[in-house]
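Input: a single structure, listed below in structure tokens.
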2 protein chains.
Amino acid sequence: MATRSTGRTDVTRSAILARLGALGPASRADLARALNVSPALMTQLTRELLSDGLLQELEHSPSQGGRPARMLGLVSSAGRAIGVKVVADHVAFVEVGIDGTVLRSASEPFDASTTTVLTDLASLLRRFIAGGRDIPLLGIGVGVPGSVDRQGNGVVESTQLGWHQVPLGSTLRRELKLPVLVENNVNALAVAERLYGLGRNHENFLVVTIGTGVGAGVVVDGVVLRGFAGGAGEIGHIPVAEDGPLCSCGNHGCLESLVGQGPLVEIARGGGIISKSGGIAALRAAADADDDGAAEIFSHAGHLLGRALAGIVHTLDPEIVIILGEGTASWKHWSYGFEPAFRSALVPSRRGVAVEVETWQDESWAQGAAALVMATPFDSVDIAGDQGRLVRERLVEQSAPHLRGAP
Amino acid sequence: MATRSTGRTDVTRSAILARLGALGPASRADLARALNVSPALMTQLTRELLSDGLLQELEHSPSQGGRPARMLGLVSSAGRAIGVKVVADHVAFVEVGIDGTVLRSASEPFDASTTTVLTDLASLLRRFIAGGRDIPLLGIGVGVPGSVDRQGNGVVESTQLGWHQVPLGSTLRRELKLPVLVENNVNALAVAERLYGLGRNHENFLVVTIGTGVGAGVVVDGVVLRGFAGGAGEIGHIPVAEDGPLCSCGNHGCLESLVGQGPLVEIARGGGIISKSGGIAALRAAADADDDGAAEIFSHAGHLLGRALAGIVHTLDPEIVIILGEGTASWKHWSYGFEPAFRSALVPSRRGVAVEVETWQDESWAQGAAALVMATPFDSVDIAGDQGRLVRERLVEQSAPHLRGAP
DNA sequence: ACTACTTTGTTTAGAACTAAAATAACTTTA
DNA sequence: TAAAGTTATTTTAGTTCTAAACAAAGTAGT
């Protein structure tokens, strides 16, 4: 019950780095307060990091009424990470710097159903890695649509990919000789939001993605909730309609089977709103052009999502709900149905909960995956396990090949 | 991010006591393993506790192949706690020993809507306390139907009691000069389950209560999830029926407005299944006597609850669901609707999640509230804040008035 | 200009842990 | 019955933190 993971020092040491990376320069005093350690220890740890070349002293910040603070900044060449998005028919890569900025990205066709998936993926990754700059590569984060036993283990269960207990983590690790963290793609996004996005200012929030499917990442007290078997957040399969359409999971009337991109397009085709070959883009275009039928389809989806999210908000009491995913491109149309349904289904005291829709980019999924690597230093609960330790080691030792802790 | 609460020693020290209380005698080696500290430290801490008279050495346990373990047991007169259940028309008290056993209990009529509620409650409590034995009273736990800002603060928001931002915690604390922990009643039950019940063996579980209303307590990684404003677990207000009956919260078709005791009785009366003055007991009796209409009412409630819980299981991925509350007396009848609806609405991989129905007693609510006090020693996250520290202090110092830590 | 007050950062002494070696008290095996 | 193997507990010699005192570097009031 009382938690004391060994090697707290390492955690704190790289929490300093991660925090500076995520939030920009800060003074020793700030860091000590933020990380909840004594100023004395902060002096000592930063001294080591400075002499290791991971940190640099910057200008003085204007005085707050006392001695002005000496700001500390990250030496940006300290590390990079690679994020991978895996879906059924392609993979996407990004390389991010220690501050989360995207340095490079790429996308490759890919077939998740072959028997050689894992070695194929390793090859693609190897090629992408080779193109990178000469900065220590801290690790690889992989986001998959499905549940993952533990980030550091990386055994994947995914109906969407047709994977059953696939040892993605251990295989990539062996092939690439690098720390590999595997996580559900929505949870990875939640980690990214926590590190770089709106979640920086909130300890309890919900990340909801709409697109092909519907998913959620739950952040509680600053940590992503994974549940017993890493399957938390599968809100796409919340039962909504008693005798609804067949869902990919085999059940009928799941939320996803009603508001996923596929079903929406189906309805639009059936209603003659778009052509038989038209896709979600066509449907959105129709709604943008004031087609009542198209608008109604989005609005109804919003209505259903709103009622479902209201239930989740009652269950989890988040401070804020963040909407992400490809589907947000049509959010304007969703919102007509969403807002009234969502608000009116909430208990009065909860009715003010904030809903924010963030801009979405193609590479966002992969960027989220990369955040897994950058987030491990924060990981005092050690969700990432052994791989987390390896990332920390690389962060500190690869950049400072000389002896550490010398007198 | 890196958490280090000051005074870890105190936490560990009383985690020893709480663990021995909850799980019975154990050896130093066991304790060291369970609390994740070194054997060396355990030797030292138990030496202090032994000399303080809080622990006693018991018989040797049979050897496990090596040196036999010397068991340590709690001196049961080390402490007691009082639990209070507050509802609109009465309050119930229990006094529990350090091992969670009920020593005394009482129930008093009470009006939660008067302007003098708080002083009334304090008076009733004072009287109950006075009847107790001469054992250090560690603190008071209070369970309320509503949300509480923080356990240690105890500001209550409850439509059921008609309370708006009532400073229950601070008032009782001032009146009684004792540590007071206030918590939502279902969350308190979840704490009790974690400490003494099925939750002892699970880190992720869900406690669901059925009765007048419907509520849930969510335990994630061993800790009760409270959400942003302490409002997590209000599953009674998950929207279920688009145009359902009016709920106490002002909305229509909430889960609670369909499967709460009140609504079930209403339907039964309307259908002539029980008399106009009959209550839930009459309805249960009818179902027990094979009345099809009565059975159908319970079964339908089970059906709705099953579908709603399936959604929650998808969201949270608990290992086990524990059903509690007055309504469990009729669970046999609920289950005909619950089981098929629940299982069939779950994704195949989740379909095996365990559902356990525990026996329910009148005093269970109050007993749960008392567990708040006994749980604070475990509380390494310090949910209970200042009051937690006070409980810890009383546990160690009241029982050992002589100087501690002497050479 | 001088004093009082704030805030940052450093030093130092000591508290709280741990790891590893030593010791104790068995069981099992030859 | 002695040697080897296990498990429990204690001792010892650090390591890692903190608290508290101090030093540094400003602002603000008089």
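Numbered from 1 within each chain, the chains take letters A, B, ... in sequence-line order.
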Between atom [atom1] in [X] and atom [atom2] in [N], what is the gap in whole Å?
X       : N      : atom1 : atom2 : value
B:His60 : C:dA25 : NE2   : C1'   : 9 Å
B:Ile16 : C:dA16 : CD1   : P     : 14 Å
A:Leu35 : D:dC17 : CG    : P     : 12 Å
A:Leu45 : C:dT11 : CG    : C1'   : 16 Å
A:Leu55 : C:dG9  : CG    : P     : 13 Å
A:Leu41 : C:dC17 : CG    : P     : 16 Å

Qualifying residues under side chain to side chain donor-acceptor pair (under 3.5 Å), relative to [X], sequence neighbours excluded:
X        : value
B:Arg33  : B:Asp30
B:Asp149 : B:Asn153
B:Arg67  : none

Inset, instruction - Output yes when at least one side-chain N/O atom of B:Ser63 is less than 4.0 Å from OP1 or OP2 of C:dC26, else no. - result: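 Answer no for this pair, as no side-chain N or O of B:Ser63 is under 4.0 Å from OP1 or OP2.
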
Inset, instruction - Tell me, please, which residues at least two apart from B:Ala370 pass side-chain contact (heavy atoms from CB on, under 4.5 Å). - result: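 side-chain contact (heavy atoms from CB on, under 4.5 Å) list for B:Ala370, sorted by chain: B:Val94, B:Val96.
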
Legend entry - All side-chain contact (heavy atoms from CB on, under 4.5 Å) counterparts of B:Ile135, not counting sequence neighbours: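 In terms of side-chain contact (heavy atoms from CB on, under 4.5 Å), with neighbours along the sequence ignored, B:Ile135 is linked to B:Ser77, B:Arg80, B:Arg133.
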
Inset, instruction - If a protein heavy atom is under 4.0 Å from the base, mark B; if only from the sugar-phosphate, S; if neither, -; do that for nucleotides 2-11 of chain D going 5' to 3'. - result: ---BBBBSBB

Inset, instruction - Answer yes or no: is there a donor N or O on one side and an acceptor on the other, between the side chain of A:Arg194 and the main chain of A:Gly199, under 3.5 Å? - result: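 Yes.
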
